[in-house]
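What follows is a single structure, written as structure tokens, with notes after it.
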Amino acid sequence: MDVSSKTSNDISFEDFKEQIINDYEIAFLSRTCSLLGRKEVLTGKAKFGIFGDGKELPQLAMARSFKNGDFRSGYYRDQTFMMALGLLNPKEFFHALYATTDIEKEPMSAGRQMGGHFLTHSLNADGSWKDLTKQKNSSADISCTAGQMPRLLGLAQASKVYRNQKGLDSAKFSVNGNEIAWGTIGNASTSEGMFFETINAAGVLQVPMVISIWDDEYGISVPAKFHTTKEDISEILSGFQRSDNETGYEILKVNGWDYTALMHAYENAADIARQEHVPVLIHVKELTQPQGHSTSGSHERYKDNERLEWERDHDCNKRFKEWILESGIATTEELATIEKRIKRTVREAKKEAWEEYLKTLLTNKTVLVNLIEKVAATSPNKNFLNKLKNDLIATEEPVRKDLAITARKSLRYLLGENTQEKQDLINWTSNFLSEAQEKYSSHLYSENDSKASNITAILPAYKDDSELVDGRVILRDNFDKLFEKYPNTLIFGEDTGAIGDVNQGLEGMQEKYGKIRVADTGIRETTIIGQGIGMALRGLRPIAEIQYLDYIFYALATLTDDLASLLYRTAGKQKAPLIIRTRGHRLEGIWHSGSEMGGLIHLLRGMYILAPRNMTQAAGFYNTLLKSDEPALVIESLNGYRLKEKKPKNLGEFCTPIGKVEKLKEGKDITLVSYGSTLRIVEKAAKELIEVGIDAEVIDAQTLLPFDIEMEVLESVKKTNRLLVIDEDVPGGCSAYLLNEIIEKQGAFKYLDSAPQTLSAKAHRPAYGSDGDYFSKPNREDIFEKVYNIMHEVSPNDYPKLR
Ligand SMILES: Cc1ncc(C[n+]2csc(CCOP(=O)(O)OP(=O)(O)O)c2C)c(N)n1
Ligand SMILES: [Mg+2]
């Protein structure tokens with residue numbers, strides 16, 4: 001196995017010396033950036049700063065053991081690590097602080113994330129993968145403490161899959177699974193459930209993950225005694241330590257100011273993880289925060305003098321320097337020369353970054369000042385316009401907002417004027433606004449050809465004598481085709497493997513495709529999603545199964561904070577095309593009847609949310625999604641697995657289009673829009689309505705995010721002039737969203753002759769009793785009566801009062 005690394009044991013003393021001096025330079029460089037960064041915030045040039053000071057030394061050790069192909073999943077303290085690997089330079093550090101919106105200059109997020117949130121680019125401009133085995137990789141940070149943990153599990157698991165599963169397309173992602181996923185987390189954040197869930201799962205899965213805990217004994221102002229039992233995280237995790245006869249973790253403890261101990265700990269950890277695929281936990285103790293937590297306050301408020309004194313004494317850079325001097329590796333003068341040079345470098349980088357940041361803004365300012373000057377020359381509102389112009393001139397360091405406000409306000413003073421100068425100002429303003437908007441709003445979804453809503457629809461095809469089978473059989477046989485067709489696809493979840501999911505949609509698949517590709521997991525929704533995100537970030541095509549929609553909320557934080565925001569927060573530089581399979585809508589009881597679509601569509605923008613009415617449509621969505629590279633949530637109908645459907649002959653091929661509604665019944669009196677399980681009831685109600693002379697058009701929304709890109713519902717409303725949206729979410733939930741899409745976005749209000757309405761479930765969850773569903777969710781009679789009453793209002797003579 002090619003996992004050997006050059007260790008400090010087998011290099012010459014000269015090399016060792018050089019390495020140490022190099023490390024000292026990085027430690028000093030990083031610290032200088034932190035100190036100057038804080039000043040930039042305090043003088044108002046940047047809004048907020050959170051830095052890596054006090055954590056430099058262990059990050060140098062981690063960087064030294066970090067190889068090409070490896071992945072980091074960490075948090076805001078890791079600037080030294082990034083600098084050590086050449087993934088962040090001082091100029092980029094300052095660009096991030098100022099939030100420069102140019103991705104070339106601010107590669108971490110093009111100004112979308114606060115400084116201190118790191119990443120590397122996994123994608124080329126066209127959205128295709130770079131060769132991740134030839135670069136050092138960092139998944140994109142999020143601010144939520146411990147939010148990096150679930151994905152860390154998946155990043156590590158990918159190595160395990162690549163090493164053990166034959167036939168995968170691994171060229172750009174793995175060399176025999178030798179890659180380590182390196183996690184970092186603050187001591188206080190280990191209190192989060194996500195941390196414990198991940199630790200346990202990685203122990204079960206035995207994946208190559210090295211998790212470092214940067215322990216500075218504080219979480220902002222709160223000391224360790226309020227966070228951690230016994231105030232010692234590795235002590236309380238000691239039960240995870242592997243033994244001769246049981247698998248588990250290797251747990252290491254090391255002081256964060258002890259350079260040689262750190263180097264050895266990290267080399268040791270890397271060897272164990274890389275070669276044996278055993279998770280390693282490194283508890284790095286006695287770290288400090290020389291400048292306190294962030295620029296939001298000073299730590300003198302909550303640390304006593306004794307602690308502050310202790311921190312000064314244990315500052316890892318100070319101890320490192322003392323050790324270098326004591327060991328005779330360098331002299332005081334030599335280090336002073338280095339420090340002087342680095343201070344200069346950082347100051348220059350800061351200056352250049354600020355100038356670059358301001359440059360386009362100042363150019364735009366000059367153009368705008370000229371444009372306003374010209375319109376003012378002939379305008380009766382000259383004085384007002386000149387005031388706006390002079391105010392802008394006085395704003396020496398404008399942000400885009402200042403320019404936008406000035407331009408937009410000046411147009412108000414030109415109402416009724418009709419000059420070329422005014423037109424020039426209008427043109428400039430429109431351009432400026434759309435460019436600025438693009439900088440802050442692009443990449444919520446893919447902008448490439450593989451965008452999910454670009455995938456062409458392929459209809460299911462049937463033989464003349466196609467058999468009627470249970471819906472779950474269609475899913476199962478379709479998954480069979482998909483596993484055959486896409487070697488990198490794998491599915492996992494609670495009861496997904498051995499029994500082939502609770503509804504037998506994967507019956508026999510584990511026997512056929514093995515325990516890696518069709519796998520059971522523990523009951524731990526958050527890390528099931530984390531497995532999916534991490535593996536998707538490394539080129540696999542995971543399908544993570546959440547057993548019931550009602551339990552997705554355990555994983556909601558990871559879905560909304562990490563997965564849904566990924567493309568946006570990386571400005572298109574990372575993707576995680578994770579498919580989440582779950583089942584929901586009505587069945588029975590409070591936790592097996594969920595259809596909480598409103599909550600999901602609001603929190604998961606950046607993902608696709610699909611609610612197929614039957615298993616053929618569902619299978620078609622999986623087929624479409626695997627051709628695309630975007631994350632999606634597919635909610636199968638819980639009560640549809642045993643309903644009969646005609647079995648298509650082109651399983652694995654037909655594609656349900658994303659963003660397209662489907663008309664299920666033509667009608668002329670009213671448009672009924674619904675989705676999922678409710679739709680079947682709507683169809684039955686529509687049949688009964690015919691008996692009283694009401695001819696409803698029935699439309700399946702089926703893809704909620706995005707909804708009806710081609711605006712087919714609008715065409716329907718143009719014909720029927722009436723609209724009712726029906727679902728089984730709470731009042732004001734998804735039905736209100738659909739109404740907003742149709743009325744406001746599509747502009748259907750112009751064509752309505754009756755008030756548009758919604759019919760939803762009650763605000764509470766459905767009761768379990770045999771008629772609990774009937775009284776909790778819209779039933780056939782409710783739908784019939786609601787439609788009838790709308791028609792009664794239109795024509796009381798034709799449709800006399802029901803009751
Ligand atoms: C889920 C969540 N809760 C609260 C916060 C606010 N917050 C940011 S950092 C932090 C303290 C983290 O302390 P620790 O994990 O020890 O890391 P350190 O900053 O000390 O390195 C808190 C409470 C957050 N970002 N996310
Ligand atoms: Mg801490």
Side-chain angles (χ1 to χ4, degrees), residues 30-31 34 37-38 41 47-59 62 72-82 113-118 140-152 183-199 211-229 231-234 236-237 255-257 281-299 301-303 307-308 310-311 314-317 526 530 553-562 565 569 603:
S30 177
R31 178 66 60 90
S34 300
R38 186 176 173 89
V41 177
K47 274 202 298 193
F48 175 75
I50 189 152
F51 306 114
D53 47 307
K55 317 279 190 300
E56 289 90 346
L57 222 50
Q59 294 181 27
M62 176 169 140
R72 164 190 170 275
S73 183
Y75 78 117
Y76 50 78
R77 294 286 177 220
D78 295 345
Q79 77 191 42
T80 312
F81 168 82
M82 297 296 286
Q113 293 234 64
M114 289 170 169
H117 291 64
F118 306 112
D141 292 357
I142 58 178
S143 296
C144 330
T145 51
Q148 69 275 30
M149 292 297 293
R151 104 174 79 92
L152 173 65
T184 67
I185 189 167
N187 57 299
S189 303
T190 64
S191 306
E192 297 278 12
M194 288 187 192
F195 173 79
F196 283 94
E197 190 177 315
T198 305
I199 290 291
I211 172 82
S212 298
I213 298 162
W214 305 148
D215 191 349
D216 57 15
E217 294 174 36
Y218 279 83
I220 310 186
S221 66
V222 181
K225 68 175 173 183
F226 295 111
H227 290 291
T228 310
T229 310
E231 298 184 38
D232 188 333
I233 188 68
S234 55
I236 59 170
L237 291 176
N255 286 329
W257 43 263
L281 183 133
I282 309 180
H283 183 187
V284 183
K285 303 174 78 158
E286 302 202 354
L287 287 168
T288 67
Q289 299 182 17
Q291 304 191 99
H293 174 78
S294 73
T295 53
S296 296
S298 74
H299 58 157
R301 286 179 302 158
Y302 48 79
K303 287 177 187 162
R307 172 74 197 181
L308 290 168
W310 184 92
E311 292 207 10
H314 286 77
D315 182 324
C316 61
N317 282 13
T526 300
F553 301 103
Y554 274 45
L556 193 58
T558 298
L559 288 171
T560 180
D561 294 327
D562 199 0
S565 80
R569 78 179 189 269
L603 289 165

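Whatever order the structure lists them in is the order used to number ligands and atoms, beginning at 1. None of these values were measured; they are calculated from a predicted model. Reckoned from all heavy atoms, side chains included, excluding hydrogens, waters and symmetry mates.
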Per-atom contacts of ligand 1 with Ile220, taking only distances under 4.0 Å to non-hydrogen atoms = 7 (N), 10 (C), 11 (C), 22 (C), 23 (C)
By number and element, which atoms of ligand 1 are closer than 4.0 Å to a non-hydrogen atom of Gln289?
-> 20 (O)
So, are Asp562 and Arg569 salt-bridged, with charged N and O less than 4.0 Å apart?
-> yes
Note: Asp216, heavy atoms under 4.0 Å from ligand 1, region reported as side chain
Can you sort out which atoms of ligand 1 are near Gly219, meaning under 4.0 Å from one of its heavy atoms?
-> 11 (C), 13 (O), 16 (O)
Quick check: does Gln289 put an N/O/S atom under 2.8 Å from the Mg ion (ligand 2)?
-> no
Under 30°, 30 to 60°, or over 60°: which ring-plane class applies to His293 and Tyr76, parallel, tilted or perpendicular?
-> perpendicular
If we number the atoms of ligand 1 from 1 as shown, the ones under 4.0 Å from a heavy atom of Ser143 are 24 (C), 25 (N), 26 (N)
For Cys144, the ligand 1 atoms with a heavy-atom partner under 4.0 Å come out as 26 (N)
About how many Å separate CD of Gln289 and CG of Leu308, when rounded to the nearest 0.5 Å?
-> 10.5 Å
re atom 21 (O) of ligand 1, the protein heavy-atom contact at minimum distance is Tyr75 OH, 2.7 Å
Reported CG-to-CD distance for the pair Asp216 and Glu311, which is rounded to 0.5 angstrom = 7.0 Å
Are Gln291 and Ser34 close enough that a side-chain donor and a side-chain acceptor fall under 3.5 Å?
-> no
Numbered in order shown, the ligand 1 atoms found under 4.0 Å of a heavy atom of Arg77 are 18 (P), 19 (O), 21 (O)
Using only N, O or S atoms, tell me which atom of Asp216 is closest to the Mg ion (ligand 2).
-> OD1
Checking only N/O/S atoms, does Asn187 have one that is under 2.8 Å from the Mg ion (ligand 2)?
-> yes
Answer yes or no for atom 10 (C) of ligand 1: protein heavy atom present at a distance under 4.0 Å?
-> yes
Quick one: CZ on Arg77 to CD1 on Ile50, what's the gap to the nearest 0.5 Å?
-> 4.5 Å
Which heavy atom of Gly256 sits nearest a heavy atom of Cys316, and at what distance?
-> O-CB, 3.4 Å
How long is the gap from CD1 on Ile142 to OG on Ser73, to the nearest 0.5 Å?
-> 8.0 Å
Can you find a pair of side-chain heavy atoms, one from Phe81 and one from Lys55, that are under 4.5 Å apart?
-> no
Should the proximity of Trp214 to ligand 1, defined as any heavy atom under 4.0 Å, be assigned to the side chain, the backbone, both, or neither?
-> neither
Answer yes if the side chains of His117 and Ser143 hold a donor-acceptor pair under 3.5 Å, and no otherwise.
-> yes
Would you say the side-chain atoms of His283 and Asp215 include a donor-acceptor pair closer than 3.5 Å?
-> yes
Distance to 0.1 Å, residue and atom name: give those for the protein heavy atom nearest to atom 12 (C) of ligand 1.
-> Tyr76 OH, 3.4 Å
Counting from 1 in the order shown, the ligand 1 atoms closer than 4.0 Å to a non-hydrogen atom of Glu192 are 1 (C)
Of all protein heavy atoms, the one nearest atom 2 (C) of ligand 1 is Thr145 OG1, 3.1 Å
Nearest protein heavy atom with distance in Å, relative to atom 15 (O) of ligand 1 | Ser189 OG, 2.5 Å
Against heavy atoms of Gly186, which atoms of ligand 1 measure under 4.0 Å?
-> 14 (P), 15 (O), 16 (O), 17 (O)
Answer yes when Arg31 and Asp315 have at least one side-chain N-carboxylate O distance shorter than 4.0 Å, and no when they do not.
-> yes
Pick from Ser191, Ala188, Ser294, Ala224: the one approaching atom 14 (P) of ligand 1 most closely through a non-hydrogen atom | Ala188
